[in-house]
Amino acid sequence: MAKLAVKLREQNRRRTVDKFKAKRATLLETLRDPRATDEARDEARLRLQKLPRDASPVRLRNRCALTGRPRGVFRKFGIARSKLRDLALRGEVPGVIKASW
C-alpha cells in the first residue's frame, strides 16, 4: 500500500494539470503554428518553461484508487489487478466474472 503522501502528491498533480491545461494548449499551439513569428515562438517557449513542472500531463501516474499501487492498474476500473481480482471473486464488479474450470 502506497504511503498517504504519495497518494496526495498524485492528487495534487492531477489538480495542477487540470488547472493549466488550457494555458499549456494555447502555448503549444503557438509553438506548432508554422505561421507564427520567431518572436512569438520564443515568447511561448519561455512562458511554457515558467509553468510548474507538475502542470505537464507526462508526470501523471495511474494509481489504484484503493491502495495507491502504481503498477498493474486497469484503466477501465482504476483499480490494481490484485484488488480487481478480489472484488471480482466477491462479485462486486458488475460485468466481470472470474474464470474457473
Side-chain angles (χ1 to χ4, degrees):
M1 189 138 158
K3 293 183 178 177
L4 180 63
V6 174
K7 293 182 195 178
L8 294 175
R9 185 185 319 143
E10 188 65 27
Q11 289 174 0
N12 193 17
R13 277 189 184 144
R14 290 195 183 278
R15 271 188 252 121
T16 307
V17 167
D18 290 340
K19 181 179 176 182
F20 290 100
K21 192 175 212 172
K23 187 179 260 190
R24 281 184 60 85
T26 56
L27 292 173
L28 289 172
E29 186 179 321
T30 304
L31 285 174
R32 293 181 184 139
D33 185 17
R35 293 172 288 149
T37 64
D38 290 338
E39 293 81 21
R41 283 194 185 131
D42 289 340
E43 179 65 27
R45 189 174 297 115
L46 287 174
R47 289 178 60 194
L48 190 63
Q49 288 175 352
K50 287 183 180 179
L51 292 179
R53 282 186 177 181
D54 285 344
S56 175
V58 172
R59 292 175 67 95
L60 293 177
R61 176 80 183 190
N62 288 337
R63 289 191 174 268
C64 176
L66 302 176
T67 62
R69 188 182 203 289
R71 296 183 176 189
V73 178
F74 284 79
R75 286 183 186 170
K76 184 174 182 178
F77 303 104
I79 300 172
R81 58 183 173 77
S82 58
K83 288 297 173 182
L84 181 64
R85 185 174 189 272
D86 293 342
L87 292 174
L89 276 172
R90 286 186 267 156
E92 295 180 8
V93 181
V96 176
I97 300 169
K98 187 183 177 306
S100 60
W101 60 90

> Measuring from Thr30:OG1 to Arg32:CZ, what's the distance to the nearest 0.5 Å?
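Atom-to-atom, Thr30:OG1 and Arg32:CZ are 10.5 Å apart.
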> For the CG atom of Asp54 and the NZ atom of Lys19, what is their distance to the nearest 0.5 Å?
12.0 Å
> Rounded to the nearest 0.5 Å, what separates atom CG in Asp42 from atom CZ in Arg47?
13.5 Å
> Gly72 and Arg69: which non-hydrogen atoms are nearest, and at how many Å?
N-NH1, 4.1 Å
> So, taking the atom named CZ in Arg63 and the one named CD in Glu10, what distance separates them when rounded to the nearest 0.5 Å?
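If we round to the nearest 0.5 Å, Arg63:CZ and Glu10:CD are 6.0 Å apart.
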> Please find the pair of heavy atoms, one from Ala80 and one from Cys64, that lie closest to each other, and give the distance.
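So the two residues come closest at N-SG, 3.3 Å.
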> Check whether Phe74 and Val93 end up in the same hydrophobic cluster, where Ile, Leu, Val, Met, Phe, Trp and Tyr are linked by side-chain heavy atoms less than 4.5 Å apart.
yes
> Grouping I, L, V, M, F, W and Y whenever their side-chain heavy atoms are under 4.5 Å apart, do Val17 and Leu51 come out in a common cluster?
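They do not share one cluster, since no chain of ILVMFWY contacts under 4.5 Å joins Val17 to Leu51.
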> With rounding to the nearest 0.5 Å, note down the distance linking CZ in Arg45 to CD in Gln49.
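The CD atom of Gln49 is 7.5 Å from CZ of Arg45, to the nearest 0.5 Å.
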> Look at the side-chain heavy atoms of Ile, Leu, Val, Met, Phe, Trp and Tyr, link any pair under 4.5 Å apart, and say whether Leu87 and Val96 land in one connected group.
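Linked within one cluster.
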> Which is it for Arg71 and Arg61 under the side chain to side chain contact (heavy atoms under 4.5 Å, CB included) test, yes or no, and what are the steps along the way?
CA-CA 9 Å; Arg71 296 183 176 189; Arg61 176 80 183 190; 3.4 Å; yes
> Could you check whether Asp18 pairs with Arg15 (Lys NZ or Arg NE/NH1/NH2 to Asp/Glu carboxylate O, under 4.0 Å)?
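No, no charged N to carboxylate O under 4.0 Å.
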> Should Val73 and Leu66 be regarded as members of a common hydrophobic cluster, given that ILVMFWY residues are connected when their side-chain heavy atoms come within less than 4.5 Å of each other, either directly or indirectly?
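No, Val73 does not connect to Leu66 through the hydrophobic network.
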> Could you tell me whether a side-chain N or O of Thr26 sits under 3.5 Å from a main-chain N or O of Lys23, the two making a donor and an acceptor?
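Flag set: sc Thr26 to bb Lys23 pair under 3.5 Å.
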> Please round to the nearest 0.5 Å and tell me the distance separating atom CG of Leu31 and atom CZ of Arg24.
10.0 Å
